[in-house]
**Q** 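Please see the structure below; I have some questions.
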Amino acid sequence: MSKIDVIILGTSGAAPSSDRGLSSVAIRYNGSILLMDCGEGTQRQMLIYGLNISKVKHIFITHIHCDHVLGVAGLVRTLSLYGRTSPLNIYVPKGFESSIRSIIEFDKAIIRYQINVVGVGSGDVVREDGFTVRAFKLNHSVPAYGYAFREDDRIHFDEKRARALGVKGKMFSEIMERKSKIINGKRVRLDEISERTPGRVIIYAADTRPSPSTIRVAANSDLLIHDSTFCDGEAKLAKERKHSTSREAATVAKRAKAKRLILTHISTRYRDTAQLLKEARSVFKNTDLADDGMLIQV
Ligand SMILES: [Zn+2]
Ligand SMILES: [Zn+2]
């Protein structure tokens with residue numbers, strides 16, 4: 001089973017710093033790239049960290065704040081320069097489609113491929129061979145959705161057991177499709193002749209206060225990437241601006257029983273991020289703080 005590469009492209013909250021770009025996370029799966037947010041400079045971050053921008057198939061925008069969307073403007077134009085012909089899909093909270101269109105169309109650039117801007121609410125957004133991406137509600141100062149990448153479960157037949165029950169040839173694919181089949185007058189169910197390996201789950205939740213919907217969707221997830229704009233000392237500010245402290249992010253990870261937490265969207269006020277990490281780890285041990293270019297293999 002090959003690993004899924006998750007590359008954190010930009011980790012700064014609101015404004016960039018000399019060593020942190022604006023929000024974006026890339027998931028590399030089956031030769032395609034899925035981008036979660038596309039802050040200003042994302043295409044350059046992709047070049048620096050060795051990602052082929054032509055492979056971007058879907059862009060999932062959490063919300064229409066400038067630091068999460070401005071990168072779309074440059075990226076779509078570069079793709080046209082590269083001669084792209086396949087469509088690009090951009091998902092954005094329902095009602096904000098025109099904001100994305102405006103940054104695509106403002107200079108009347110000629111873009112020679114199709115761009116589908118899709119408004120989303122809670123629920124499945126993309127269903128492809130091998131995975132699903134689901135949007136879930138965040139709690140931020142404007143309508144915002146996080147995204148859950150969920151790989152399909154893998155099913156392996158227990159051949160010995162299946163054959164003992166009379167399953168052969170085409171029957172395997174029939175049972176896989178219909179979940180059961182009558183063989184020799186007896187119903188044989190998929191679950192009695194197979195084992196299920198759960199698919200991997202990656203959650204992206206920024207920008208947001210800690211939210212029950214994140215805890216629900218991140219239950220037992222392999223990786224949770226969460227807003228961690230502030231330290232404990234700025235807890236009041238986090239509440240006012242509808243962001244999370246690193247400790248709050250850790251509490252979400254703990255409640256969800258996630259396997260690993262990555263803190264991102266770090267305020268530029270923190271030159272030294274040790275305190276953010278320390279406060280989070282006091283609640284949830286398997287936490288790391290994202291740096292631009294960080295590669296996580298799930
Ligand atoms: Zn932001
Ligand atoms: Zn925001």
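We count residues from 1, following the sequence as given. Both ligands and their constituent atoms are indexed starting at 1 by order of listing. Every value quoted in this text rests on a predicted model; they were computed, and no experiment measured them.
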**Q** What angle, to the nearest 10°, do the atoms OD2 (Asp207) and NE2 (His68) form about the Zn ion (ligand 1)?
**A** 90°
**Q** Over 60° means perpendicular and under 30° means parallel, so tell me whether Phe131 and Phe149 are parallel, tilted or perpendicular.
**A** parallel
**Q** The Zn ion (ligand 1) and Asp227: any N/O/S contact shorter than 2.8 Å?
**A** no
**Q** Answer yes or no for His265: is there an N/O/S atom below the 2.8 Å cut-off from the Zn ion (ligand 1)?
**A** yes
**Q** Do you see a donor-acceptor pair shorter than 3.5 Å between the side chains of Asp37 and Thr62?
**A** yes
**Q** NE2 (His63) to the Zn ion (ligand 2) to NE2 (His140): angle, nearest 10 degrees?
**A** 100°
**Q** Looking only at N, O or S atoms in Asp67, which is nearest to the Zn ion (ligand 1)?
**A** OD2
**Q** If we check side chain to side chain contact (heavy atoms under 4.5 Å, CB included) with Thr229, which of these qualifies: Glu234, Lys242, His243, Arg241?
**A** His243
**Q** Would you mind naming the N, O or S atom of His65 nearest to the Zn ion (ligand 2)?
**A** ND1
**Q** Could you tell me whether the side chains of His68 and Asp207 share a donor-acceptor contact shorter than 3.5 Å?
**A** yes
**Q** Tell me whether Asp232 is salt-bridged to Arg247, with the criterion being a basic N under 4.0 Å from an acidic carboxylate O.
**A** yes
